[in-house]
Protein chains: 2
Amino acid sequence: MLSQIAASDDLVFFRPHQFLVRDNERPEALYDILEGWACRHRLLPDGRRQITALYLPGDLCDPLWSLSPYSHDAVVALTNVRAVRRPLNEAAGSDRGKATALRLVESVERQSNWLVSLGRKTAMERLAQLLLELFERMRRAGLAYGQQCALPLTQTDIADATGLTAVHVNRTLQAMRAKGVLDLHSKWLRIPDLSALRDLAALGHQDSL
Amino acid sequence: MLSQIAASDDLVFFRPHQFLVRDNERPEALYDILEGWACRHRLLPDGRRQITALYLPGDLCDPLWSLSPYSHDAVVALTNVRAVRRPLNEAAGSDRGKATALRLVESVERQSNWLVSLGRKTAMERLAQLLLELFERMRRAGLAYGQQCALPLTQTDIADATGLTAVHVNRTLQAMRAKGVLDLHSKWLRIPDLSALRDLAALGHQDSL
DNA sequence: CGTGGCCTTGAGTGACCTCAAGGTATGTGG
DNA sequence: CCACATACCTTGAGGTCACTCAAGGCCACG
């Protein structure tokens, strides 16, 4: 089929640390992530780094570009990434446009959750919330196995997403492991007690992740 | 004109602490803020509060509702608010729909800035960034006078927006006043040295606020 | 086998928090 | 015009969570 051929022509690959987009640039396309993880982040002049979004398999990078094809932040592959390029200008009324709008809503709501986390939660609550969110997303993508899933982030990445230092992430993860709510080891996440982890995350009124 | 009459029929008022929308509810309309300030926030079970957005005169509350008429967070008036109700379902292709899309992009980008602020900046940097952002927005709304503008937030509100405590906001504002970069007093903001304030905010690659 | 990335651990520090009291401003009712 | 209440701001003393700096261990990879 023609559309199949076109799709495979638009298949692209990225290596870890390779940019999907640099900061203050127009992205070339929307990327449908088929495999691998990427993140959007910003660097401060003195080297401090904040990750502002994570892209997992099944995610669209980035829904906002459908409204304004410009990125203030850089987007970088964290692992090997396989993706499909999609045109920036989708008809707003089309089925595809509507689907993109829904993804945009999701990603904005996730950003709000992160704001609450960074502004008002303790280190353990932030980690519980983040890992819970990522686990749920992996599950929805069909990539969780029971209470486990892959989690190919370094502790430094986790620190930059949660606004902590890598050292403190390390110690806090150990404490959570000692409590028996969570085990993150060599890029693999295990959640023995999901409801205990939910309690730890101090979710508030946030119904879904 | 008919449209004028319809517009004034849809004029609404809110008092301080009055809800424009409660959490996990469908808002009744989009609100075009004519006068006054409001905020979107979330409460954690133990009372911690994080403000996730501020709405100023000229702002639309909230652009995201045009894509999904549902609010996870509550929106509350901080002062007396005068606003115009606008229908939730705008045609995506219409001029008004396009304008709303642009406002949505702006508000999402501001959220990213806040993420960086909450995740990686010191108390003084966060305050510098927030007050700078609010000043620029007031200026764009035509509500700044030279280097001054109204700023009807309590120190507690500022604390809940920046992820600090009210006590620490108080002390940090005093320190900034002592440095001569900023003077916030009885709901009035004065910025003697704008470029010094910009430096303090550690903006990074963020070109606009 | 060396090298670089990542994880782990320890010791010391500091930015920000908590608790508590007092001060100031504004509005309300008598 | 005064008494009172309420909300907000200010200051002090003490505590703690998370940070910084530094060193060592464990890989995977060339």
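In what follows, every heavy atom counts, from backbone to side chain, and hydrogens, waters and symmetry copies are set aside.
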D157(A) atom CG is separated from dC7(C) atom P, nearest whole Å, by 8 Å
Starting from P on dC7(C), measure out to CG on L173(A) and report it in whole angstrom. 10 Å
If you find the nucleotide of DNA chain D closest to H17(B) and the one closest to Q174(B), which residue's nucleotide is nearer the 5' end? H17(B)
Nearest whole angstrom, please: distance from the C1' of dC19(D) to the CZ of R126(A). 12 Å
Is it true that the side chains of E133(B) and W114(B) contain a donor and an acceptor less than 3.5 Å apart? yes
Determine the contact category for T122(A): base if any of its heavy atoms lies under 4.0 Å from a base atom, sugar-phosphate if only primed atoms, P, OP1 or OP2 are that close, otherwise nothing. sugar-phosphate
Rounded to whole Å, the CZ-P distance (R48(A) to dA15(C)) equals 13 Å
Nearest-nucleotide wise, let me know which of R120(A) and H185(A) is further upstream toward the 5' end of DNA chain C. H185(A)
Can you tell me the distance, in whole Å, between the CG atom of L78(A) and the P atom of dG5(C)? 16 Å
Can you tell me the distance, in whole Å, between the CG atom of N170(B) and the P atom of dC19(C)? 18 Å
When you check the phosphate oxygens OP1 and OP2 of dG5(C), does a side-chain N or O of Q155(A) lie under 4.0 Å from one of them? no
Residues R198(A) and E136(A) bridged, charged N to O under 4.0 Å: yes
Taking CG in D46(B) as the centre, count heavy atoms belonging to other residues, nucleotides or ligands within less than 6.0 Å. Is the count above 12? yes
Near-ring test Y55(B)/Y31(B), centroid separation under 6.0 angstrom: no
Would you kindly give the NE2-to-P distance between H168(B) and dC8(D), to the nearest whole Å? 21 Å
Could you tell me the separation between the CG atom of L151(B) and the C1' atom of dC8(D), rounded to a whole number of Å? 15 Å
